[in-house]
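I have placed the structure first, in the form of structure tokens, so that the comments after it can refer back to it.
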Amino acid sequence: MKEKIVLIDGHSILNRAFYGIPDLTNSSGFHTNAIYGFLNIMFKILSEEAPQYLTVAFDVSAPTFRHELFKEYKGTRKPMPQELREQVPVIKDLLKAMRINIIEKAGYEADDLLGTISKQSSKQGFEVSVISGDRDLLQLAEEDIKIRIPKTKRGTTEIEDYNAKDVLEAYQVTPLQIIELKALMGDTADNIPGVPGIGEKTATKIIVEYGNIENAFAHADEIKPNKAREALMENYDKARLSKTLATIDINCDIQYSIENAKLGNIYTDQAYQMFKELEFKNLLNRFDAPVNDNTLEEVFKTITMLDEAENIMNQAKKCDRIGIQMIVDKERLIGTSIALSETQVYFIVAEGFITTEYIADRVNEILNSSISISTIGLKEQLRILQISDINQCFDVEIGAYLLNPMNPIYPYSDLAKEYLGFILPEREELLGKLSYLDAYEQKPQELSKVVCYMSYVALMSAGVIEDRLKAAGEWDLFKKIEMPLIVTLHDMETTGIAVEKDELKEYGNQLSVRIIELEKQIYQLSGEEFNINSPKQLGEILFGKLGLPNGKKTKTGYSTAADVLEKLEADYEIVALILEYRQLTKLKSTYADGLANYIEADGRIHSNFNQTITATGRISSTEPNLQNIPIRMELGRLIRKVFIPKEDYVFVDADYSQIELRVLAHFSGDKKLIQAYREEQDIHKITASEVFHTPLEEVTSLQRRNAKAVNFGIVYGISSFGLSQDLSISRKEASEYIEKYFETYPRVKEFLDEAVMKAKQEGYSTTIFGRIRPIPELKSSNFMQRSFGERVAMNAPIQGTAADIIKIAMIRVNDRLKSESMKSKLILQVHDELLIEAHKDEIDKVKEILNCEMHGAANLLVPLEIDMSTGNNWYETK
DNA sequence: GTGATCACG
DNA sequence: ACGTACGTGATCACC
């Protein structure tokens, strides 16, 4: 068997990884995504090929021969972004630490070195693999030289392999003719000009026919498309230059000793240290050395004896603060983990004489002795923990969310990494995908570790998080809004909302009848049966078979989105039917059938209100989502009739009127805007009057509608394109609307500009109440991402402040209902709306409370108005 | 698991 | 020239 050598194009793979992997930093803020991606690709190759030799080639930053040639021609390559540049020396050090051979040589690019070494090695009888993201290298392919191009596809890395015959198959030309192709078509990524006007198709045709550019030029008069002929004849010098640029030098003057490339043990101690600093936790597993210092796990104790549990509970009462974690799965208490100090961490298991009641009673006793507790995710534990004063609690998950609301979740391992500065094994590593209950039965020891880590991290990180919240100006937000809100949300979840199951079912049945009718008609009009719900099949039928004019395309095919179909609706009966079908199947599957699955034994739906999901500070609702129940279309709105108050109760619903625009009025301090709100005027109408230079009385409903869209657009971080899409007008018209808007409300423009500028400086935006939203996109060199960042910088303070205000209102309303011992309960929040299930004897009182507490939630430069209504179901409250 | 679509504010 | 409104979650198809 031949010996194998792997050659890696260092910069090319780093580049791939940098742009392919979302940004990743270690806790000191050093960017690591390119290194991480590079290593993953390298490890994958090593395990696949098990080569005896490995070399990584790098470009030297000094100008090279081919660069020089190019510079004269067109200028220099655009510089590497700083986030990538800083990673280059580190990967080199890391490779050195792994005793992996690196080559670089002034005057040559990495691909020249790779070309030379690969040819030499194959001649000497080695089997060679060249790893690069650059298709230029395909010219090197031979039977024993395989070019491997990694592609990051949906998170997983797939590698395309090319031997000589694969190149021929894929490109219809030999590896060496790849150079000829490049000479004609050019390569913007590699700064090769090519012949303007000749692309991949024409280039392939020419080279397949004539073999090379010289021969093609000689037979130029025969070349078929006139355009290509003229392009080639006029730009033959460019083609020749491009050919030189594209040709990899396979005779570099380098001393390459294969012995230096011999692979030994790459898992050295130095490499281990570097991996640790880079915080590549899951890569650390590759080392024989222990992944984590077990000193921490050694202090963990699993408690199953009552007297030991008793002892711990008694000690807990003497502490100032403990870390605690109630482990509940499907209503069942499996145990509790308690951290008394850094070295006293216990998992008290609910079994034998230690009953769930015992644990609950003892823990609540501790809480009553008014010591502080710290925990991860307090809301989920409140069914068991009886909190007498929320001020004694510290939820580190909530704290971590406020410090960085962009994370999807806040597991103990991430908290340890971020706030304690060390790496812990993740839950999944220890338990896999097991639930607590399953882990309790199948992996009790690992479960014990997980829960002990949790209470340990909760205890140890609380102080750090407190300091960081104070430093970030978020301490009041944490103490006065987010922590108390936990209780409010828990109350809402516990109460739930009653649903008429039979009515819901009947509603679904009615939808089914119409859906079947629609199906029949659609099949008839299209001439075949297909899955209307499949955008792929639907697109093929509409735009393929039936030949409808198609507007947009998606990555995977035709777009069949509603805004595309709506443009065709008037002309094609089938499109109108499809739109109705879509609407009805959505209502049936998501709402009629979907909601029915969540009705519990008490006849009510208990949705989850999540406090740590959104980037802006809003809460979200899941399982089911009760914040997107239909209202805009009448047919959908009817669903709200099945949401009912219990007997002797009614619904009282209150929503803030235009809260985001009022927040904008406050932020900007714009006189006209503030005056309009103080005088309770119709803001959209006023805007229309100003923007369209029309007397107030003469504003048409269309003008008002357009002005409303502009107002919304401002809140979203206006762009002329977005507005034009929304209103189906030209971009130019949209720009004019925006310009006039800013003339009308000049302070709004100032505010928005300032919001972007400030966010650019600080790296984040802030709400009135101090909530932070980081906006890393503002620093992006990518236009699209940066523009997104700018829109976010305009929107986040507005949406976030509105979210803060309604959170304050929720806490105040809920607290008053409870402190005044009322039967009425707050049951839903829908971003600017609160729904109360009010006892018939308390309706007036409830209205008074809503009025008072919602108005009083914030003191802005404009009044906060609310609209209130009552009803015997959610449909009636409008 | 991801993308397309569509429900809400 | 780039290709876009801000923030969510559920369902379905399809790999």
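Every chain is numbered from 1 and lettered A, B, ... according to where its sequence line falls, protein lines coming before strand lines.
- Residue Val715(A) is out of contact with every strand shown, counting any heavy-atom pair closer than 4.0 Å.
- Between Tyr410(A) and Tyr401(A), the ring planes lie perpendicular to each other; the angle is over 60°, past the 30° to 60° tilted range.
- Looking at Glu790(A) and Lys760(A), a side-chain N of the basic residue comes within less than 4.0 Å of a carboxylate O on the acidic one, giving a salt bridge.
- Minimum heavy-atom separation, Arg731(A) to Ser720(A): NE-OG, 3.7 Å.
- Ile659(A) has its CD1 atom 18 Å from the P atom of dG7(C), to the nearest Å.
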How far apart are the C-alpha atoms of Tyr745(A) and Thr687(A), what are their side-chain angles, what is the distance that settles it, and do they pass the side chain to side chain donor-acceptor pair (under 3.5 Å) test? CA-CA 9 Å; Tyr745(A) 307 114; Thr687(A) 305; 3.1 Å; yes
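- Using a 4.0 Å cutoff on non-hydrogen atoms, the parts of residues 763-778 of chain A near DNA chain C are Arg773(A), ordered by number.
- Counting only distance, with no hydrogens or angles, the side chain of Asn608(A) and the backbone of Asn610(A) share no donor-acceptor pair below 3.5 Å.
- Ion pairing of Lys379(A) with Glu397(A) is absent here, as no side-chain N (NZ or NE/NH1/NH2) approaches a carboxylate O to less than 4.0 Å.
- Which of dT5(B), dT11(C), dC14(C) sits closest to the side chain of Thr590(A) comes down to dT11(C).
- Within the 4.0 angstrom heavy-atom criterion, base atoms lie near Gly713(A).
- Side-chain proximity of Ser589(A) to dA13(C), dT11(C), dC8(B): nearest is dT11(C).
- Counting only heavy atoms from C-beta outward, the side chains of Ile808(A) and Arg812(A) approach each other to under 4.5 Å.
- You'll find the ring centres of Tyr737(A) and Tyr741(A) outside the 6.0 Å limit.
- Residue Asn531(A) is classed as a sugar-phosphate contact, given heavy-atom separations below 4.0 Å to backbone atoms only.
- Across the P atoms, dT5(B) and dA5(C) are found 13 Å apart, a figure rounded to whole Å.
- For Val792(A), the side-chain atoms get nearest to dC6(C) when compared with the rest of dC6(C), dC14(C), dA7(B).
- At a threshold of 4.0 angstrom between heavy atoms, the contacts of Glu623(A) are confined to the sugar-phosphate backbone, with no base atom among them.
- The base of dC8(B) is not paired with the side chain of Gln627(A) by any donor and acceptor separated by under 3.5 Å.
- Residue contacts shown for Arg582(A) are limited to sugar-phosphate atoms, with no base heavy atom under 4.0 Å away.
- The residue Thr560(A) sits close only to the backbone: its heavy atoms come under 4.0 Å of sugar-phosphate atoms, none of a base.
- At whole-Å resolution of the value, CD1 in Ile639(A) and C1' in dC6(B) are 13 Å apart.
- The stretch residues 604-616 of chain A has no heavy atom under 4.0 Å from DNA chain B, so no residue of it qualifies as close.
- Side-chain contact between Ile522(A) and Ile574(A) is present, with heavy atoms from C-beta onward closer than 4.5 Å.
- When the C1' atom of dT4(C) is taken as reference, atom CG of Asn782(A) falls 12 Å away, rounded to whole Å.
- When heavy atoms are screened at a 4.0 angstrom cut-off, Asp726(A) is found touching base atoms of the nucleic acid.
- Of the listed nucleotides (dA7(B), dC6(C), dC8(B)), dC6(C) has the atom at the smallest distance from the side chain of Tyr716(A).
- Between Leu826(A) and Thr488(A) the shortest side-chain heavy-atom distance falls below 4.5 Å.
- Side-chain atoms of Lys545(A) come within 3.5 Å of backbone N or O of Ser526(A) as a donor-acceptor pair.
- Among the heavy atoms of the strands lying under 4.0 Å from Ala709(A) is at least one base atom, whether or not backbone atoms are also near.
- Among the atoms of the strands shown, none is found under 4.0 Å from any heavy atom of Leu587(A).
- Both Pro535(A) and Gly717(A) lie near DNA chain C, and the one whose nearest nucleotide falls closer to the 5' end is Gly717(A).
- Phosphate proximity of dG3(C) to Gln725(A): absent, as no side-chain N or O sits under 4.0 Å from OP1 or OP2.
- Classified by interplanar angle (parallel below 30°, tilted 30° to 60°, perpendicular above 60°), the ring pair Trp874(A)/Phe643(A) is perpendicular.
- Remark: Arg632(A) is in phosphate contact with dG9(B), judged by side-chain N or O atoms under 4.0 Å from OP1 or OP2.
- Considering only side-chain N and O atoms, Arg618(A) lies nowhere under 4.0 angstrom from the phosphate OP1 or OP2 of dG9(B).
- In this structure, Ser620(A) does not reach the dG7(C) phosphate: none of its side-chain N or O atoms is under 4.0 Å from OP1 or OP2.
- Counting to the nearest Å, the C1' atom of dC6(B) and the CG atom of Leu538(A) are 14 Å from each other.
- Rounded to whole angstrom, the span from the CE atom of Met784(A) across to the P atom of dC6(C) amounts to 10 Å.
- Between dT8(C) and Asn628(A), no contact under 4.0 Å exists linking OP1 or OP2 to a side-chain N or O.
- In the set dT4(C), dA5(C), dG9(B), the nucleotide with an atom closest to the side chain of Asp832(A) is dG9(B).
- In terms of polar N and O atoms assigned as donor or acceptor, the side chain of Arg791(A) comes within less than 3.5 Å of the base of dT4(C) in a complementary pairing.
- One atom, CD of Gln829(A), and another, P of dT8(C), lie 14 Å apart when rounded to the nearest Å.
- In this structure, Ala803(A) reaches neither bases nor backbone, as no heavy-atom distance under 4.0 Å exists between it and the strands shown.
- Between the CD1 atom of Ile714(A) and the P atom of dA5(C) there is a distance of 17 Å, given to the nearest Å.
- When heavy atoms are screened at a 4.0 angstrom cut-off, Gln537(A) is found touching the sugar-phosphate backbone but no base atom.
- Comparing the C1' positions of dA1(C) and dC6(B) gives a spacing of 31 Å, expressed to the nearest Å.
- In this structure, the side chains of Lys520(A) and Glu517(A) stay at 4.5 Å or more apart for every pair of heavy atoms.
- Of the candidates dC15(C), dA10(C), dA5(C), the closest approach to any side-chain atom of Lys536(A) belongs to dC15(C).
- As rounded to whole Å, 11 Å separates atom P of dG3(C) from atom CZ of Phe721(A).
- Taking the side chain of Gln799(A) as heavy atoms from C-beta on, and the options dG9(C), dG7(C), dC8(B), the nearest nucleotide is dG7(C).
- Set against dG9(C), dA5(C), dG3(C), the side chain of Ile718(A) has dA5(C) as its closest nucleotide.
- Contacts of Phe712(A) with the nucleic acid, taken as non-hydrogen atoms under 4.0 Å apart, are absent.
- Within the nucleic acid shown, Ser719(A) comes within 4.0 Å of at least one base atom, counting heavy atoms only.
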